[in-house]
Amino acid sequence: MKTNNKFLSLIDLLRYRATNEGNKKAYTFLFNGQTEANILTYGELERRARAIAAKLETMEIAKGERALLLYSQGLDFIFAFFGCLYAGVIAILAPPPDAIQLKRTLPRL
């Protein structure tokens, strides 16, 4: 099986796509799994991810440190995940605690 070593990471791939295909659709969020709610281009994803990475750096979160990402479904999670990748921060993914069952879900978090 032949592999393409052009992209050594997801960030390398995103940089390439943002530069060469910036206006193309990267992700589509479907409301109720059917209706297009939001569309995200490669260029927008890279800009937002870089902004989040810069914010993490101003917060003095060092490369290799962990960040807990508590996001509901949607594009904000994708921005945060790629922002962590840009900053060299390890993204720990978890669903946000259920507000109705906070006594049970918060301690588990």
Side-chain angles (χ1 to χ4, degrees):
M1 182 172 141
K2 184 178 177 182
T3 60
N4 183 350
N5 292 330
K6 185 175 184 178
F7 309 113
L8 299 176
S9 69
L10 286 174
I11 293 304
D12 290 343
L13 177 58
L14 178 56
R15 283 182 184 138
Y16 173 83
R17 291 273 172 96
T19 300
N20 298 292
E21 303 170 353
N23 292 324
K24 285 191 175 181
K25 188 186 314 182
Y27 292 96
T28 301
F29 180 72
L30 300 177
F31 180 74
N32 291 333
Q34 297 177 15
T35 307
E36 282 189 12
N38 294 343
I39 296 171
L40 175 62
T41 65
Y42 290 109
E44 183 182 359
L45 175 55
E46 185 187 40
R47 282 188 298 278
R48 298 278 300 265
R50 284 182 180 266
I52 289 170
K55 182 64 176 176
L56 290 171
E57 290 172 6
T58 64
M59 296 170 62
E60 298 182 6
I61 298 177
K63 289 183 179 185
E65 290 291 321
R66 294 174 297 232
L68 183 60
L69 304 182
L70 300 173
Y71 285 91
S72 298
Q73 296 176 356
L75 297 179
D76 288 336
F77 159 74
I78 297 171
F79 297 136
F81 177 73
F82 276 94
C84 285
L85 292 179
Y86 265 107
V89 173
I90 300 166
I92 308 297
L93 316 173
D98 183 351
I100 295 171
Q101 299 178 353
L102 209 55
K103 283 186 177 183
R104 184 176 67 83
T105 57
L106 194 56
R108 289 177 45 192
L109 178 63

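The first residue of the sequence shown is numbered 1, and numbering continues consecutively from there.
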Contacts of type side-chain contact (heavy atoms from CB on, under 4.5 Å), residue Thr28, not counting sequence neighbours | Lys25, Leu30, Glu36, Ile39
Return the minimal non-hydrogen interatomic distance between Pro96 and Ser72, and the atom names on each side.
-> CG-OG, 3.6 Å
So salt bridge (charged side-chain N to carboxylate O under 4.0 Å, His left out) across residues 72-85, not counting sequence neighbours, yields Arg48-Asp76
Return the minimal non-hydrogen interatomic distance between Glu46 and Ala18, and the atom names on each side.
-> OE1-CB, 3.1 Å
Sorted by chain and number, sequence neighbours left out, salt bridge (charged side-chain N to carboxylate O under 4.0 Å, His left out) with Arg15 holds for Asp12
Verify the neighbour count for atom CG of Asn23: are there more than 12 heavy atoms of other residues, nucleotides or ligands below 6.0 Å?
-> no
Which residues pass the salt bridge (charged side-chain N to carboxylate O under 4.0 Å, His left out) test with Glu57, sequence neighbours left out?
-> none
Remaining members of hydrophobic cluster (4.5 Å side-chain criterion), Ile61 = Leu10, Ile11, Leu14, Tyr27, Phe29, Leu40, Tyr42, Leu45, Ile52, Leu56, Met59, Leu69, Tyr71, Leu75, Phe77, Ile78, Phe79, Phe81, Phe82, Leu85, Tyr86, Val89, Leu93
Drop me the distance from Thr41's OG1 to Glu21's CD, to the nearest 0.5 angstrom.
-> 11.5 Å
Spatial distance of atom CD1 (Ile90) from atom CD (Glu65) [nearest 0.5 Å] | 8.0 Å
